[in-house]
Novice: 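Here it is: the structure, laid out below.
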Amino acid sequence: VKSIIILLFLLSKLIIGGAEVYPYSVNYQASLRFMNYHFCGGILVHTQWVASAAHCWKPSHMVQVVLNEHNILKVEGFEQVFNVSLIIRHNQYQSWTFDNDIMLLKLNRPAVINTMVQPVPLPSPDSPPLTDLARCTVSGWGVTWLSSYTLSPVLMSVDINFFSNCKSYYYFGITDNMICAGSLFGGKDSCQGDSGGPLVCDGKLEGIVSWGIGCGYAYYPGVYTKVRNYLTWINWVTQNS
């Protein structure tokens, strides 16, 4: 998933330092499945479209999307399971830099919208920028400690802070299409298995889990696709494809 040159350091993003969410409370969270195994997160942004990270791409006929999921190892009876009819990666996505790390997956039918399944609110194009250290929440089924190879069976989340000075943490690789969020003291982050999942600040989708150096390091916060830069693109794709 990550650039070979920095493979030892860059990890496809897990929830570190978080806790299990109340079942079905993160009603926009999606699980992307390949051969019936979770491999990335996703976010319901429209009744028939799920956003994720472009680096999570696999052929559409091999991917399923599950909404209203909590325990990925059990069939709990509330899941909405979809095949994918179309995947659109951003046409300027760069796999070697993770710039424009966003894609949209079209479900083979509209989701059933109820209290447990809702599209995530998107930020307004003219809303004020996030303030430094704004409180955000990231969620997913990723590993829960850095050296683990096992996904969390249940959906986890952790509260982290938006860092406005992202480029000061990473002297390379940060573009205007990326934002950073983490903990000043480390120990709270997304990690492997969380890629493509939501970063929500003040109730709005501000980021998509993308990349980072390690997981939970104080001086290397998680890097997220900046959703505000893609509002027009998301609207165009969901209305015209």
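All residue numbers in this chain count up from 1 along the given sequence.
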Novice: Could you report the tightest heavy-atom contact between Leu199 and Ala181, atom names first, then the distance?
Specialist: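 Result for this residue pair: CD2-CB, 4.1 Å.
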Novice: Verify, without hydrogens or angle tests, whether Glu76 (side chain) and Asn71 (backbone) share a donor-acceptor contact under 3.5 angstrom.
Specialist: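 Judged by distance alone, yes, a pair lies under 3.5 Å.
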Novice: Count the heavy atoms belonging to other residues, nucleotides or ligands that lie under 6.0 Å from CG of Asp176, then report whether that count exceeds 12.
Specialist: no
Novice: Give me the atom names and distance for the closest heavy-atom approach of Pro123 to Ser127.
Specialist: CB-OG, 4.2 Å
Novice: Say whether, by atom type as modelled, one donor and one acceptor occur between the side chain of Asn27 and the main chain of Val117 under 3.5 angstrom.
Specialist: no
Novice: For the side chain of Lys188 and the backbone of Gly18, is there at least one donor-acceptor N/O pair under 3.5 Å apart?
Specialist: no
Novice: Please report the interatomic distance CG(Asn177) to CD1(Ile102), rounded to the nearest 0.5 Å.
Specialist: 9.5 Å
Novice: Have Ser85 and Arg109 got a donor and an acceptor in their side chains that come within less than 3.5 Å?
Specialist: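 No, Arg109 and Ser85 have no side-chain donor paired with an acceptor closer than 3.5 Å.
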Novice: If we ignore hydrogens and angles and just use 3.5 Å, is the side chain of His90 paired with the main-chain N or O of Asp101 as donor and acceptor?
Specialist: no
Novice: Look up atom CG in Leu205 and atom OH in Tyr230, then write down how far apart they are to the nearest 0.5 Å.
Specialist: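 Reported value, rounded in 0.5 Å steps: 12.5 Å.
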Novice: The test is side chain to side chain contact (heavy atoms under 4.5 Å, CB included); show your working for Val45 and Leu104 and say whether it passes.
Specialist: CA-CA 9 Å; Val45 295; Leu104 289 167; 4.0 Å; yes
Novice: Specify whether Trp211 and Phe98 have parallel, tilted or perpendicular ring planes, treating 30° as the upper limit for parallel and 60° as the lower limit for perpendicular.
Specialist: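 Plane angle under 30°, so parallel.
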Novice: Sub-3.5 Å donor-acceptor pair from the side chain of Asn108 to the main-chain atoms of Asn83, do we have one?
Specialist: yes
Novice: Is there side-chain contact between Leu32 and Leu105, with heavy atoms separated by less than 4.5 Å?
Specialist: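 SC-SC contact between Leu32 and Leu105 confirmed.
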Novice: Run the numbers on Ser241 and Leu86 for side chain to side chain contact (heavy atoms under 4.5 Å, CB included), then give the verdict.
Specialist: CA-CA 9 Å; Ser241 298; Leu86 181 65; 4.1 Å; yes
Novice: Examine distances only and state if a side-chain atom of Tyr170 and a backbone atom of Pro221 form a donor-acceptor pair shorter than 3.5 Å.
Specialist: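 Flag set: sc Tyr170 to bb Pro221 pair under 3.5 Å.
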Novice: Decide yes or no on side chain to side chain contact (heavy atoms under 4.5 Å, CB included) for Tyr93 and Met103, but give the supporting numbers first.
Specialist: CA-CA 9 Å; Tyr93 167 61; Met103 69 178 180; over 6 Å; no
Novice: Are any side-chain N or O atoms of Asn235 and backbone N or O atoms of Leu231, one a donor and one an acceptor, separated by less than 3.5 Å?
Specialist: no
Novice: Is there a donor in the side chain of Tyr224 and an acceptor in the side chain of Ser190, or the other way round, less than 3.5 Å apart?
Specialist: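 A pair is found: one side chain offers a donor N or O, the other an acceptor, under 3.5 Å apart.
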Novice: Measure the shortest side-chain to side-chain distance between Leu67 and Tyr28 over non-hydrogen atoms and say whether it is less than 4.5 angstrom.
Specialist: no
Novice: Please examine the side chains of Val66 and Gln80, heavy atoms only from C-beta on, and report whether any two atoms are closer than 4.5 Å.
Specialist: no
Novice: Nearest 0.5 angstrom please: Tyr169 OH to Cys180 SG, how far?
Specialist: 8.5 Å
Novice: Measuring only between side-chain heavy atoms, which start at C-beta, is Thr137 closer than 4.5 Å to Val158?
Specialist: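 Not touching, per the 4.5 Å side-chain cut-off.
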Novice: Check Asp99 with Lys226, please: is the shortest side-chain N to carboxylate O separation under 4.0 Å?
Specialist: no
Novice: For the pair Asp132 (side chain) and Ser164 (backbone), establish whether a donor and an acceptor sit closer than 3.5 Å, ignoring hydrogens and angles.
Specialist: yes
Novice: Closest approach of His38 and Ser31, non-hydrogen atoms and distance?
Specialist: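 His38 and Ser31 have their closest heavy atoms at ND1-OG, 2.8 Å.
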Novice: Establish, from distance only, whether the side-chain atoms of Gln29 and Ser139 form a donor-acceptor pair under 3.5 Å.
Specialist: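 Yes, because at least one side-chain N or O of Gln29 sits under 3.5 Å from a partner of the opposite role on Ser139.
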Novice: Kindly indicate whether the side chain of Asp194, heavy atoms from C-beta on, has any atom under 4.5 Å from the side chain of Ile15.
Specialist: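 Contact flag for Asp194/Ile15 side chains = yes.
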Novice: Check whether any side-chain heavy atom of Leu107 lies under 4.5 Å from a side-chain heavy atom of Trp49, and answer yes or no.
Specialist: no
Novice: How close do Ile113 and Pro119 get, counting heavy atoms only, and between which atoms?
Specialist: CD1-CD, 3.9 Å
Novice: What is the minimum heavy-atom distance between Ser152 and Ile72, and which atoms define it?
Specialist: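 Closest approach of Ser152 to Ile72, heavy atoms only: O-CD1, 3.6 Å.
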Novice: Does the side chain of Ser210 come under 3.5 Å of the side chain of His55 through a donor N or O and an acceptor N or O?
Specialist: no
Novice: Can a side-chain donor-acceptor contact be found between Asp189 and Tyr220 if the only test is distance below 3.5 angstrom?
Specialist: no
Novice: Is it the case that the side chains of Glu20 and His70 hold a donor-acceptor pair, with the cut-off being a distance below 3.5 Å and no angle test?
Specialist: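 Per modelled atom types, His70 and Glu20 side chains form a pair under 3.5 Å.
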Novice: Looking at Asn165 and Ser168, would you say the former's side chain and the latter's main chain have a donor-acceptor pair under 3.5 Å?
Specialist: no
Novice: Within the structure provided, determine whether Val120 and Leu44 are in side-chain contact (heavy-atom separation under 4.5 Å).
Specialist: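 No. Closest side-chain heavy atoms not under 4.5 Å.
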Novice: Are the aromatic rings of Tyr24 and Phe78 close, with centres under 6.0 Å apart?
Specialist: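 When the ring centroids of Tyr24 and Phe78 are compared, they turn out to be within the sub-6.0 Å range.
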Novice: Any heavy-atom pair between the side chains of Asn229 and Val227 that's under 4.5 Å?
Specialist: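 A side-chain contact under 4.5 Å is absent here.
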Novice: So, for Ser52 and Cys40, which heavy atoms are closest and what is the spacing to 0.1 Å?
Specialist: OG-CB, 4.5 Å
Novice: One pair to check against side chain to side chain contact (heavy atoms under 4.5 Å, CB included): Val65 and Arg33. What are the steps and the verdict?
Specialist: CA-CA 6 Å; Val65 173; Arg33 304 289 179 86; over 6 Å; no
